[in-house]
Amino acid sequence: MIILSVNAGSSSLKFTGFEMPSEDVLISGVFERIGIDNSFYTIKVNGEKIKKEVELPNHKVAFEILIKELMDNKIVESLDEIKGVGHRIVQGGAYFDKTVIADEDAVSKIDELASLAPLHNHAAIVGINAAKEVMPNAVQTVVFDTAFHQTMAPCEYMYAVPYAWYKEYGIRKYGAHGTSHKYVSQRMNEILGRNDTKLITCHIGNGASISAVKDGKCVATSMGLTPNAGLIMGSRCGDMDATVGMTPKEMDIVLNKQSGLLGISGVSSDSRDIEEGIKNGNERCILAQEMYVKRIVEYIAKYYVLLGGCDAIVFTAGVGENSISTRKEILNKLAVLGIKVDEEANNVRGEERKITTDDSAVPAYIIPTNEELMIAKDTYSL
Ligand code: AMP
């Protein structure tokens, strides 16, 4: 059975086609500049990478081209072989604690929640409608970045602001990256061979968040109402004093796009450039990395206490999977918990493995995330 996992942005459409339940990737790619000039798409299929410039007036045309490519590349003979399409949705609010069928009720709730994620939720609805038009017989599902965090208790998700804000406007923590935290925590439990675990999962990419996961359920996460909470990120500030004097518009720009590693270093939001700067003795890169690592360590320590211990720490996403030095600095700062990094094992990028010594009090693992597969698995089970 073929399942498509799709992520629609306002001018883009990313997709991966899986054979399920074997989880083999049949095709993947992205349509870019939809509805703008110079649009194009890139596809990886049958071991080849194809790039084509083509007019993409809307998402429907992108899906039609995707179907044509699936047929031309002999992945499907007929449209009906695609049994399910899973759509990634950024904000599911308090309505959704799991993946559901994208029926009228679900879509209207996603629309209603757009005030919490205006760009993302509206783009996703455009994607759902286009996919339904092009593939009317496939089961369409909606997979929420926030759903995994819905198991948090009120004392974890409430803000200490007037209670009426919560009642009237839904102001609370919803978290993000839930599909990734769910995927790596499930995988970690498979490796440990049990589900009654206490895990700290660190999704550290350009956007970054940490979750505390007990018995497979999220009990705390570092992102908040929006993705700009918790950790220091590529260009987002994460936790900070909310009374810094700026207008909401200035805050949106400065705190989301000009802060984080970029804001402190003045060099880049990309941790590879920060590492390069550190090698060259750039003091602001050194400071940025110190603050970045410190914040991650603080969250791991906080969640260690919250969980009452920890069975494993998981590193995932761009930095978590690839930055040898960042992982090492984090784990070294956790030595007080009896954590011991295995330098040789840690000297790797993007590979699933344990990176602590056998006598480390808590093991740490790299588990490459796979949100697309998680979306396909949820869709397949529905
Ligand atoms: P993501 O948002 O998960 O795609 O992560 C993207 C980020 O991962 C980039 O901006 C880099 O900061 C980081 N990254 C990717 N490759 C490496 C690497 N080899 N070493 C350090 N950081 C990396």
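FYI, side chains are in, hydrogens and waters are out, and symmetry mates aren't considered; it's all heavy atoms of this structure. These numbers come from a predicted model, not from an experiment.
Under the 3.5 Å distance criterion, the side-chain polar atoms of Thr146 are matched with a main-chain donor or acceptor of Gly92. Side-chain atoms of Lys132 come within 3.5 Å of backbone N or O of Ala102 as a donor-acceptor pair. Remark: side-chain polar atoms of Ser235 are not paired, donor with acceptor, to backbone N or O of Gly260 under 3.5 angstrom. Although no hydrogens or angles enter the test, the distance criterion places no donor-acceptor pair under 3.5 Å between the side chain of Thr42 and the main chain of Lys51. In this structure a side-chain-to-backbone donor-acceptor pair under 3.5 Å is missing from His59 to Gly35. In this structure, Ser222 contributes its side chain and Gly230 its backbone to no donor-acceptor pair below 3.5 Å. Side chain of Glu156 to main chain of Ala153: no donor-acceptor pair is present (N/O by atom type, distance under 3.5 Å, no hydrogens or angles). A donor-acceptor contact shorter than 3.5 Å links the side chain of Asn58 to the backbone of Val61. Side chain of Thr151 to main chain of Cys218: a donor-acceptor pair is present (N/O by atom type, distance under 3.5 Å, no hydrogens or angles). Judged purely by atom type and a 3.5 angstrom limit, Tyr303 uses its side chain to pair as donor or acceptor with the backbone of Thr221.
Between the side chains of His122 and Asp111, a donor-acceptor pair is found at a separation under 3.5 Å. Side-chain polar atoms of His120 and Gln91 form no donor-acceptor pair below 3.5 angstrom. In this structure, a donor-acceptor pair under 3.5 Å is absent between the side chains of Thr99 and Thr141. Checked by atom type, the side-chain pair Asp311/Thr197 shows no donor-acceptor distance below 3.5 Å. In summary, the side chains of Asp359 and Thr357 do present a donor paired with an acceptor at a separation below 3.5 Å, with no hydrogens or angles considered.
Of all heavy-atom pairs spanning Ile278 and Gln289, the tightest one is CD1-CB, 3.5 Å. Closest of all the heavy-atom pairs between Glu77 and Glu81 is N-OE2, 2.9 Å. Smallest separation of non-hydrogen atoms from Leu192 and Ala312: CD1-CB, 4.2 Å. Between Gly17 and Leu4 the shortest heavy-atom distance is CA-CD2, 3.7 Å. Between Ser209 and Met223 the shortest heavy-atom distance is CB-CG, 3.8 Å. Listed here is the closest heavy atom pair of His203 and Gly207: CD2-O, 3.9 Å.
Using a 4.5 Å heavy-atom cutoff, the side chains of Gln140 and Met135 are in contact. Proximity of Asp342 to Asn346: side-chain heavy atoms (C-beta onward) are nowhere separated by under 4.5 Å. Side-chain atoms of Phe315 and Thr326, non-hydrogen and from C-beta on, never get closer than 4.5 Å to each other. Considering only heavy atoms from C-beta on, Asn228 stays 4.5 Å or farther from Met251 through its side chain. With contacts defined as side-chain heavy-atom distances shorter than 4.5 Å, the pair Met246/Leu255 qualifies. Using a 4.5 Å heavy-atom threshold, the side chains of Ser5 and Thr379 count as separate. A 4.5 Å side-chain heavy-atom check between Lys14 and Arg88 finds every atom pair outside the cut-off. Side chains of Val184 and Leu199 form no contact here, defined as non-hydrogen atoms less than 4.5 Å apart.
Residues Lys60 and Glu64 are paired through a salt bridge, judged by an N-O separation under 4.0 Å between the basic side chain and the carboxylate.
No continuous path of ILVMFWY side-chain contacts below 4.5 Å connects Phe63 to Ile36, so the two sit in separate hydrophobic clusters. Taken together through direct or relayed side-chain contacts under 4.5 Å among Ile, Leu, Val, Met, Phe, Trp and Tyr, Val126 and Val85 form parts of separate hydrophobic clusters. Hydrophobic clustering, with ILVMFWY side chains joined whenever heavy atoms are under 4.5 angstrom apart, groups Met71 together with Phe15. In this structure, Ile43 is a member of the same hydrophobic cluster as Leu26, with clusters built from ILVMFWY side-chain heavy atoms closer than 4.5 Å.
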Run the numbers on Tyr183 and Thr179 for side chain to side chain contact (heavy atoms under 4.5 Å, CB included), then give the verdict.
-> CA-CA 6 Å; Tyr183 177 81; Thr179 310; 5.8 Å; no
Determine, step by step, whether Glu190 and Arg187 satisfy the salt bridge (charged side-chain N to carboxylate O under 4.0 Å, His left out) criterion, reporting the C-alpha distance in whole Å, the side-chain angles of both residues, the deciding distance to 0.1 Å, and the verdict.
-> CA-CA 5 Å; Glu190 274 172 27; Arg187 180 73 199 117; 2.6 Å; yes
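In this pair, His181 and His177 present their aromatic rings tilted. The plane angle is within the 30 to 60° band.
Each of Val314, Leu307, Val213, Leu306 was compared with Ile200 under the side-chain contact (heavy atoms from CB on, under 4.5 Å) criterion, and only Leu307 meets it.
By the 6.0 Å and 45° rule, Lys109 stacks over the aromatic ring of Tyr95.
Taking the six-membered ring for Trp and the full ring otherwise, the centers of Tyr166 and Tyr159 sit at least 6.0 Å from each other.
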